[in-house]
Amino acid sequence: MQLGDQTVLVVDDEPSARDLCRKILKVQGFRVEEAESAARALEILERSLIDIVLTDVCMPGMDGMELLKIVKSRFVGTDTVIMTGFGSIPAAVEAMKLGAYDYITKPFKVDDFRRVFERLVALRDLAAENRSLREQLKTRHGYANLVGTAPKMQKVYRTILKASAKRHPVLILGESGTGKELVARAIHASSPWRDRPFVPVDCGALAPTLIESELFGHVRGAFTGATQNRQGLLASARGGTVFLDEIAELPVELQAKLLRALQEREVKPIGSNERTPMDARIIAATNQDIEAAIKRGSVRKDLYFRLNVVSIKMPPLRERKSDIAALVRYFVERHQGEEGRVAEVSSEAMARLMNYNWPGNVRELENCIQRALVLGAGPVIQTKDLPSNVLYQVGPPTEGPEISPLEEMERRAILEALRAAGGDRLRAAKMLGIGKTTIYRKLKEYRLGDEDLAKSA
Ligand SMILES: Nc1ncnc2c1ncn2[C@@H]1O[C@H](COP(=O)(O)OP(=O)(O)OP(=O)(O)O)[C@@H](O)[C@H]1O
Ligand SMILES: [Mg+2]
């Protein structure tokens, strides 16, 4: 993190003291905001993202100690440094007890002042790094809550890590069910602003007027039913992340309004002439072909450029089949709790899962496992517990053996008949309405032996 990314709020009732602090901090590369009272400081904290509060202790009205207590309890992730008059060490000690990072006694030497801030920034960086490392270590199988180690996922993780340290917009593209929302949450969770809110907004689910007021807010009387002022999500996310899901569904006029908000870092609530600052970080996602959507005119090109500073392309599951086994284990573990038993997956069932091309991606796989856990009778998930579309895939599988659906059905029918007949081939043939020679020929053709029967039993 660079110093320029960090904002210090200087709180002091003496203008000359504020001036001096501002000058030193600016030279150090901080962004600086100022407040002449604790009350004013709280207003600023409410509306913008402050990393560090530097406050004098003795001020008319609310003093620095009270301010420190409020910052500690309400603005998680914001650090505080206290300034005390010469000789008021007890106050400094008290402040440290209350959770201040450090104290500076006035009058101070510029170098001492600087060192306090250098150390604090180093500490904040380290904390941010630790958090993202911890996220990575949470699971051996992937990153944050994302399972998968295929090269395409590794690339996704690297981008998440890079993007999380900054506040640029991120655009996540990918088919439905590939984990776009999970990625958005991972970026937020590994960012220094992880304690701020994460606000998902489904742009496709709400009526245009509703979504405008959701995002931008409205003032009382702006439209029928607007009985109260309401702050929009963009303004209320206070330094957090707003996740705009299905961005291509956002009406074009609102896309223009969103673009303006992003450029000016301000929003204008419906019916208001005043602008409110907004410092939310925007992550947008769509499962549509964005280039095509731009050509069609349903996505504004300028908004696309603005959002596309960092883009993450989620691979469809069929392009990272090597992750299927790990995902299956993960979902079995995650959902079996509900069923209260430990399930395994038969090797034939696993082969089927690996062979299927998963048009609904990870979500479809998760549903499939959940269903199997509910429907399956035994401690092992069997082929029969899998949904028929997984077993009889229409169209060629993208990887694995070339089996056409009809043959696949026949093979399964034979296996099932054999199982029902307890392995008696003649009885199975009778059940299937075929002759003795046919079943022997088929068994040979499909290379079906006793071990297949045992496996699927
Ligand atoms: N890599 C992954 N590891 C573990 N679970 C995953 C992974 N990817 C997706 N999932 C799970 O699959 C489901 C769908 O993921 P998510 O909602 O993030 O997809 P999406 O891309 O946003 O889909 P849509 O476009 O339909 O909204 C969720 O339950 C999520 O937890
Ligand atoms: Mg989604």
Side-chain angles (χ1 to χ4, degrees), residues 135-161 163-164 169-190 198-206 211 214 233 241-250 282-290 292-293 298-299 307 310-338 345 353-354 356-374 387 390:
E135 282 291 340
Q136 279 181 73
L137 290 177
K138 245 185 218 164
T139 150
R140 287 174 292 121
H141 316 295
Y143 178 87
N145 289 320
L146 290 152
V147 176
T149 51
K152 283 183 184 179
M153 287 306 281
Q154 307 269 5
K155 196 171 160 211
V156 169
Y157 303 147
R158 281 196 296 274
T159 318
I160 292 177
L161 200 55
S164 63
V170 178
L171 181 63
I172 307 171
L173 303 170
E175 290 174 16
S176 187
T178 47
K180 296 186 293 297
E181 177 155 355
L182 223 48
V183 167
R185 288 180 185 278
I187 294 174
H188 178 80
S190 36
F198 177 89
V199 186
V201 185
D202 188 342
C203 301
L206 295 166
I211 189 139
E214 276 287 309
L233 295 174
T241 303
V242 174
F243 175 54
L244 298 174
D245 205 358
E246 306 308 340
I247 187 81
E249 306 281 329
L250 191 67
I282 303 293
I283 301 182
T286 179
N287 55 20
Q288 296 195 21
D289 174 347
I290 193 109
S298 56
V299 171
L307 293 175
V310 178
S311 74
I312 297 182
K313 176 102 187 61
M314 293 307 294
L317 187 53
R318 62 183 174 280
E319 288 177 16
R320 54 174 188 115
K321 286 200 158 181
S322 58
D323 285 337
I324 289 179
L327 280 163
V328 167
R329 274 195 301 276
Y330 173 74
F331 290 133
V332 166
E333 240 172 68
R334 183 162 160 191
H335 296 296
Q336 74 188 356
E338 301 156 21
V345 182
L353 294 169
M354 303 275 289
Y356 183 55
N357 71 5
W358 301 106
N361 296 297
V362 184
R363 180 181 291 115
E364 187 183 4
L365 176 60
E366 180 168 10
N367 291 343
C368 166
I369 298 298
Q370 253 177 309
R371 177 181 177 275
L373 286 170
V374 174
V390 171

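All ligand and atom numbering here is 1-based and tracks the order in the structure. Values below: every heavy atom of this structure, side chains too, minus hydrogens, waters and symmetry copies.
The protein non-hydrogen atom at the shortest distance from atom 26 (O) of ligand 1 is Ser176 OG, 2.4 Å. The nearest protein atom to atom 27 (O) of ligand 1, hydrogens excluded, is given as Arg363 NH2, 3.8 Å; this is a heavy-atom distance. Looking only at heavy atoms of the protein, atom 10 (N) of ligand 1 is closest to Val362 CG1, 3.4 Å. The closest protein non-hydrogen atom to atom 1 (N) of ligand 1 is Val147 O, 3.1 Å. Protein heavy atom closest to atom 31 (O) of ligand 1, with residue, atom name and distance, is Leu182 CD2, 3.7 Å.
By the criterion of a heavy-atom distance under 4.0 Å, neither the backbone nor the side chain of Val183 is placed next to ligand 1. Counting heavy atoms under 4.0 Å from ligand 1, residue Glu366 touches it through the side chain alone. Contact annotation for Asn287 and ligand 1: only side-chain heavy atoms (C-beta onward) come within less than 4.0 Å of the ligand. The proximity of Phe243 to ligand 1, defined as any non-hydrogen pair under 4.0 Å, does not occur for either the backbone or the side chain. Residue contacts with ligand 1, taken as heavy atom pairs separated by less than 4.0 Å, involve Arg320 solely via side-chain atoms from C-beta onward.
When the options Ala184, Ala326, Gly179, Pro315 are ranked by their closest heavy atom to atom 8 (N) of ligand 1, first place goes to Gly179. With Arg185, Lys180, Glu175 as candidates, the residue nearest to atom 25 (O) of ligand 1 on a non-hydrogen basis is Lys180.
To the nearest 0.5 Å, the span separating CG on Asp245 from CD1 on Ile283 amounts to 11.0 Å. Distance CZ/Arg363 to CG/Leu317: 12.5 Å, rounded to 0.5 Å. Atom CG in Asn287 sits 5.0 Å away from atom NZ in Lys180 (nearest 0.5 Å). Atom CD1 in Ile312 sits 4.0 Å away from atom CD1 in Ile187 (nearest 0.5 Å).
Under 4.0 Å is where a charged nitrogen must lie from a carboxylate oxygen, and between Glu181 and Arg185 at least one such pair does. Comment: Lys313 does not engage Glu319 in a salt bridge, judged by the lack of any side-chain N to carboxylate O separation of less than 4.0 angstrom.
Numbered from 1 in the order shown, with element, the atoms of ligand 1 that lie under 4.0 Å from a heavy atom of Glu181 read 18 (O), 22 (O). Of all the atoms in ligand 1, the ones that sit under 4.0 Å from a non-hydrogen atom of Phe331 are 5 (N). The Tyr330 neighbourhood of ligand 1 comprises atoms 4 (C), with distances under 4.0 Å to a heavy atom of that residue. Short contacts between ligand 1 and Asn145, defined as distances under 4.0 Å to a heavy atom of the residue, involve ligand atoms 3 (N), 4 (C).
Using a 4.0 angstrom heavy-atom cutoff, Leu327 counts as in contact with ligand 1. Residue-ligand proximity: Leu365 is placed with every non-hydrogen atom at 4.0 Å or more from ligand 1. The shortest heavy-atom distance from Gly177 to ligand 1 is under 4.0 Å.
Nearest approach of Arg320 to Pro315, heavy atoms of both residues: CD-CG, 4.0 Å. Shortest non-hydrogen contact noted between Ile247 and Cys203 is CA-SG, 4.4 Å.
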Q. Taking it one step at a time, do Leu327 and Ile369 satisfy side-chain contact (heavy atoms from CB on, under 4.5 Å)?
A. CA-CA 10 Å; Leu327 280 163; Ile369 298 298; over 6 Å; no

**Q.** Test side-chain contact (heavy atoms from CB on, under 4.5 Å) applied to Phe243 and His188, step by step
**A.** CA-CA 10 Å; Phe243 175 54; His188 178 80; over 6 Å; no

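Taking the side chain as every heavy atom from C-beta outward, Val332 and Val345 approach each other to under 4.5 Å.
Ring pair His335/Phe331 is parallel by interplanar angle, where below 30° counts as parallel and above 60° as perpendicular.
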